[in-house]
Structure formats: structure tokens, C-alpha cells
Amino acid sequence: MPELPEVETIKRELSPWVVRQSFTQVAILDDKVVSDTPVEEFRRRLIGQRIQNMERRGKYLIFKLSNGESLIMHLRMTGTLLLKNPERIDRYIRATFHFSNGIQLLFRDPRRFGKMWLVANAESIVGKLGPEPLSGGFTPDILAQGLSKHCIPIKAALIDQNIVAGIGNMYADEALFAARIHPLRKADSLSSEETRTLYYSIRQVLCSAIDRKGASVDTYFRPDGQLGLAQFDFKVAHRSGQSCSACGTPLQRVLVRNRGSYFCPNCQPYTEVLQFDFPVSYGALWD
DNA sequence: CTTGGGACCTGGCTGC
DNA sequence: TGCAGCCAGGTCCCAA
């Protein structure tokens with residue numbers, strides 16, 4: 001599934017082909033992919049526009065247009081953007097874009113969850129997202145502040161796009177394993193040391209996955225059709241029934257907010273901080 | 001306000 | 001072999 005590393009890879013590999021090019025044809029094969037704008041208006045407003053730049057915000061891909069508007073895409077579960085290859089044209093192509101340099105871009109999405117928006121102000125779509133985890137503005141303190149306001153499982157907090165942008169089910173599991181934190185720990189119960197470790201784990205996991213061009217599980221392909229390699233680095237995600245690579249203990253699966261979450265019960269023991277369950281005078285014994 | 005659960009969607013897998 | 005039923009999960013929406 002496209003999460004931050006996959007969307008970042010798509011942005012990097014697609015940019016050289018489409019930036020500074022103009023839309024010459026737009027075909028919407030499934031009206032459901034266009035949000036908030038009638039399909040004909042969407043096509044009319046897009047054709048002739050030149051792409052000035054490509055950006056990524058969380059899991060959103062943003063094409064900045066010459067008229068100041070933004071074409072925004074979200075690939076959700078199974079969406080992918082492919083440079084045209086006759087072998088890859090199938091019934092799952094939901095939209096096609098032709099550019100002034102002859103390039104054709106295909107929006108492919110078997111499960112039809114992916115969406116596009118054409119808006120004057122990108123902030124109307126991405127404005128409420130939390131901080132970018134790889135930006136300079138994201139610090140251990142910012143993460144701690146975000147987590148301290150929520151009494152929900154840490155796994156649920158990590159995939160909440162309003163707390164940190166871009167982390168989904170796979171990389172949340174990977175970051176929690178790297179930080180040796182149980183997915184059901186309450187977000188506001190982490191010690192400052194744990195939060196700090198989690199902060200570096202998030203950045204390390206995401207950076208490594210970008211280096212490996214994303215994880216090709218399900219239907220993720222890079223724009224040229226190649227696979228990503230990050231799935232080979234996974235320690236827990238999508239490793240149902242396997243053993244922990246660190247200690248050999250069988251990995252376990254638990255549902256968190258109806259999402260399958262994989263973890264190692266030995267490396268990530270459930271050690272809820274006791275201060276919330278005992279009077280302060282007893283809590284002091286553990287300080 | 002917060003938190004949690006279901007809906008959306010369909011290919012692929014399981015089990016009878 | 002055929003097929004019903006379930007699972008996957010990002011985000012939205014609604015209920016408590």
C-alpha cells in the first residue's frame with residue numbers, strides 16, 4: 001500500500017517525466033476517482049495547464065499547476081501511477097493523462113479507493129495533516145506533544161494522519177518494532193526516552209524504505225513498472241506466522257482499530273507505565 | 001470534545 | 001472444481 005516512502009518514490013521518479021509538461025488530453029474512465037468536481041469540468045480545467053512542480057504531503061501527491069491550482073492525488077490502498085506501457089493497460093486503469101512531450105500517465109487502481117482533487121488551494125485538502133516526519137520541523141518534542149494528547153493505542157496514534165503525516169499500517173508496525181514498543185501501549189503513556197527512541201525509529205524506517213524505493217506488497221509499482229524492495233527489510237509487517245528475526249519468537253497479530261498489527265511479544269512486551277494504576281506514593285517507588 | 005467501529009471496494013485466499 | 005465468505009486497509013462518517 002502506498003505510504004510515505006512509496007508516494008515519495010513515485011514523486012521522485014515521475015517528476016523528470018512530467019514537470020514542465022502540459023496536459024494535452026485527460027480521460028476519466030471511472031467517474032468515482034474525481035472528488036468534488038464534475039468530471040467534464042475537471043478535464044476542461046486541467047487541459048492546457050502546465051505542471052510547475054510535484055510535491056508530496058503525507059500520502060498525498062500534489063501537482064502544482066501553472067494557473068496556481070493544484071491537482072492532488074491519493075492512492076489509498078491499491079492505486080499506482082504508471083508511465084504508459086502497453087502491457088500494463090488493463091481494466092483497472094481509472095484515468096489517463098497525455099502530456100505535451102508525448103508521455104502518457106495511467107492512474108491504475110483495482111480497488112477503486114484512490115481519489116483526485118483539482119483545487120485552487122492545496123491546503124483545503126492537506127491543511128489538517130500533522131507534521132512531515134522527515135522534515136526539519138519534526139522533533140522528538142513535537143512527537144511527544146502530539147502523542148501526549150491522546151489516550152489511544154500508540155499504533156492508532158502513529159497511523160492518525162493528524163498526529164504525524166504519512167505513516168500507515170506497515171511502517172507503524174515497523175517503527176514500533178524498531179523502538180521495541182508494544183502496539184497497544186497508550187500513546188500518552190510513553191516515557192520521554194521511549195518517545196525519543198520511537199522518533200528515531202520512525203525516521204530510520206521511512207528513510208530506509210525510500211532508499212529501497214518503497215515496498216511492493218499488494219499492487220504497488222514504481223512509475224516505470226519496477227518493484228520496490230523495502231518489503232525485504234520488513235521485520236514484522238506482512239510476516240504473519242513467521243518468527244522474529246531478532247529473537248526467534250513467533251510474531252503475533254493483534255487488532256488495533258480494526259487493523260491487523262504485527263509485533264514480537266518478546267521484543268515488544270506490554271509494559272504499561274505503572275504510575276497511572278497506583279497511588280502517587282507507590283508510583284514513586286519506581287522512579 | 002474524544003474515541004471507536006463500520007462503510008467503502010474488490011482480488012485473492014480459505015474451506016467446505 | 002465451484003463458490004460462499006472473509007480479509008486486506010486509508011480515510012470518511014457516524015455513534016457513544
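In the text below, chain A, chain B and the rest are named by the order of the sequence lines, each starting its count at 1. The structure displayed is predicted, hence computed values, not measured ones.
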*Quick one, give me the B/S/- string for nucleotides 5-10 of chain C, reading 5' to 3', where B means a protein heavy atom under 4.0 Å from the base and S means that only happens at the primed atoms, P, OP1 or OP2.*
---BBB

_By nearest heavy atom, map Pro110(A) and Lys149(A) onto DNA chain B; which one lands nearer the 5' end?_
Lys149(A)

*Which two nucleotides bound the region of DNA chain B that has atoms under 4.0 Å from heavy atoms of chain A, read 5' to 3'?*
dT3(B) to dG11(B)

*Does the side chain of Ile152(A) reach to within under 4.5 Å of the side chain of Arg257(A), using non-hydrogen atoms?*
yes

*Geometric cation-pi criterion Arg44(A) and Phe42(A), 6.0 Å radius, 45° cone*: no

Distances under 3.5 Å between nitrogen or oxygen atoms of protein and nucleotides 13-16 of chain C:
none

*Please check if any side-chain donor atom of Gln52(A) sits under 3.5 Å from a side-chain acceptor atom of Ser66(A), or the reverse.*
no

_Lys213(A) and Thr9(A) side chains, donor-acceptor separation under 3.5 Å_ = no

*His182(A) ring center near Phe263(A) ring center (under 6.0 Å)*: yes

*Calculate the interatomic distance between Leu75(A) atom CG and dT11(C) atom C1'; express it in whole Å.*
14 Å

Treating [X] as the side-chain partner and [Y] as the backbone partner, does any N or O pair qualify as donor plus acceptor under 3.5 Å?
X: Ser15(A); Y: Arg12(A); value: no
X: Arg111(A); Y: Gly79(A); value: no
X: Glu174(A); Y: Lys235(A); value: yes

*So which of Ile181(A), Val256(A), Leu176(A), Asn169(A) actually passes side chain to side chain contact (heavy atoms under 4.5 Å, CB included) with Leu158(A)?*
Leu176(A)

